[in-house]
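Side chains are part of it too, since the values below use all heavy atoms of this structure and drop only hydrogens, waters and symmetry mates. Note that ligands are numbered from 1 as they come in the structure, with each ligand's atoms numbered from 1 the same way. By convention here, the first residue in the shown sequence is residue 1.
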Amino acid sequence: MSERTDVLVVGAGFAGMYAVYRFRKQGLSVKVLEAGSDVGGTWYWNRYPGARCDVPSLEYSYGFSPELEQEWDWPEVFSAQADILRYANHVAERFDLRRDMQFNTRVISVDYRDDTQRWRLTTDANEQFEAPFCVMATGCLSVPIKPDIPGAERFRGAIYHTGSWPNEPVDLTGKRVGIIGTGSSGVQAIPELARQAGHLTVFQRTPVYTIPANRKRMRDAVQQEFREHYREIRDLQQRNAGGVSNFRPQQSVRRDVDMDSTRRLPNRLLELGPEQRDAVMERFGLGALLGFRDIYTDAQANELANELYRDAVRGMIRDPDTAERLLPKTYGLGCKRQVLDRDYYDTFNRDNVSLVDLSETPIESVTEAGIQTSATHHDLDVLVYATGFDAMTGALLKANIRGRDGMPLAEKWRDGPVTYLGLQMAGFPNLFTVTGPGSPSVLCNMLVAIEQHVNWIGDCIGYLRSEGLRSIEPRLQSEEQWIAHVNEVAQGTMYTAPNCNSWYLGANISGKPRIFMPYVGGYPRYRERCEQEAAGGYEGFRLLA
Ligand code: N01
């Protein structure tokens, strides 16, 4: 006998948590199924040393509760994983969310039953749950991947993945640690691992562009000023392409800090002469490059920025050969998600760190005792994979979703993800995805994107109920037009440059169709489009009584 509710939600990260609050508030019964042992999603799984968020915490926080905004203290401007997880736990307790959640439960199939017009979810313990509505709140970066290296199973030391780091402390004192991968996770972990380990060997396939992160402690006066302006800040977020308000505190600014000086720079790098460019780099460092708008769309400006970046990095590394290996040369700034770091380059000046350039000496195999490259054997006690995720589509495909007439989602998405607004798929009635492919998701402040999606879904279910309708799914034509639009706006940006290979494009997984998955047209434009659909009675969808 299966348990029945109005809505089933898969995942208890920030999306699933808010879904419980929102749906309950409108009188729906909800059940959340979560593979982990508690709430937090990304911040539950990614506990590796150095993990932290790249959006300021006062903005990367829920906006649905003014009381919550007033009572929570953030210790740093950009929070560490442990502080964000503490916040998630606080929210779960404060709103009694766990009451409707079942943990340690992995959903292994999600089936639409044509006879009952309900979704049936089956778990790894062979439990079954049914509901007329199903919300996949499974996250965009929640399926960690490990490369297929010959002999990987033979390694006798400890193996970790940054995306599923253990809850218990990992003692690396005196150990010989190897890490594969230099994306956001690797770049954050490497300086911390180097501090803890006896020796750290970094196996790098593609060098990264990384910018020093803001490391400020939160000042009470700044937090207070945010609290006094929160409604205005949430409103600004709704009108910003990336869902961040960029609110500048006025009263609490220290007189000795020139907070806005980089904002006085011109918008275009190509407007600066050589001396001005050197002066900018000298004064503001690598981060200044990101402020020039032309580097994202103009190939000449982009290459100039890349060269300025490389010159600056050459000056940071003591060993010129190591410096040269650390310089990205095969793609440009703006192609991948911008990486932020604390002490990344300086870590390569430490005596206990060595860099292996896999483009010169590729990995041949993992052995019982370490990694064999084409040049030598590296003895290791611990191997850390910082090799990323099957992004955006991975968790949805892994859930084995089958829609009307048993149609597998994997078949519908054989040539890449097809959705309408990143919210729904034709053939999958009453199934919703939160921050799905085709929505701004990973290009937006996640908390803003999540609340907007969950609110839209809640309103949609409310509409169906009030109109006596049973189901909603997109028209095929709406999907086709939307995907064409998603592709069109991504063209001409550095994201889709021919030499760019990123997880946004699925290029980190062999055989995955090369499609730019998130919507790059900006959050406000996207939100307005969703609002128009709702206000117009969901014309782009098929509604069935
Ligand atoms: O994963 P990635 P990530 N042999 O895919 C390498 C978010 N995030 O976990 O480029 C050797 O970016 C791969 O090399 P290459 C953020 O959105 C956010 O680091 O494929 N190397 C690359 O260096 C981010 O973008 C935060 O040649 C192999 C690395 O592994 C996203 O998560 C922090 C390999 C994977 O990099 C993913 O970041 C952390 C192989 N066979 C993560 N296979 C913040 O908020 C892969 N690699 C700051």
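In this structure, a donor-acceptor pair under 3.5 Å is absent between the side chains of Thr210 and Tyr345.
Ligand 1 is surrounded by Tyr48, Arg52, Cys53, Asp54, Leu141, Pro147, Ile180, Gly181, Thr182, Gly183, Ser184, Ser185, Gln188, Arg205, Thr206, Lys336, Arg337, Leu358, Ala386, Thr387, Gly388, Phe389, Trp503, each with at least one heavy atom closer than 4.0 Å.
The environment of CG in Asp148 is sparse: at most 12 heavy-atom neighbours from other residues, nucleotides or ligands sit within 6.0 Å.
By the salt bridge (Lys or Arg N to Asp or Glu O under 4.0 Å) test, Glu368 is found to be paired with Arg156, residues two or more places apart in sequence or in another chain being considered. Listed by chain and residue number, Asp73 satisfy the side chain to side chain donor-acceptor pair (under 3.5 Å) test with Gln223 (two or more places apart in sequence, or in another chain).
Between Arg314 and Glu307 there is a salt bridge, since at least one side-chain N of the basic residue sits less than 4.0 Å from a carboxylate O of the acidic one.
Every pair passing disulfide bond (SG atoms under 2.5 Å apart) that includes a residue from residues 293-352 is listed here, sequence neighbours excluded: Cys335-Cys500.
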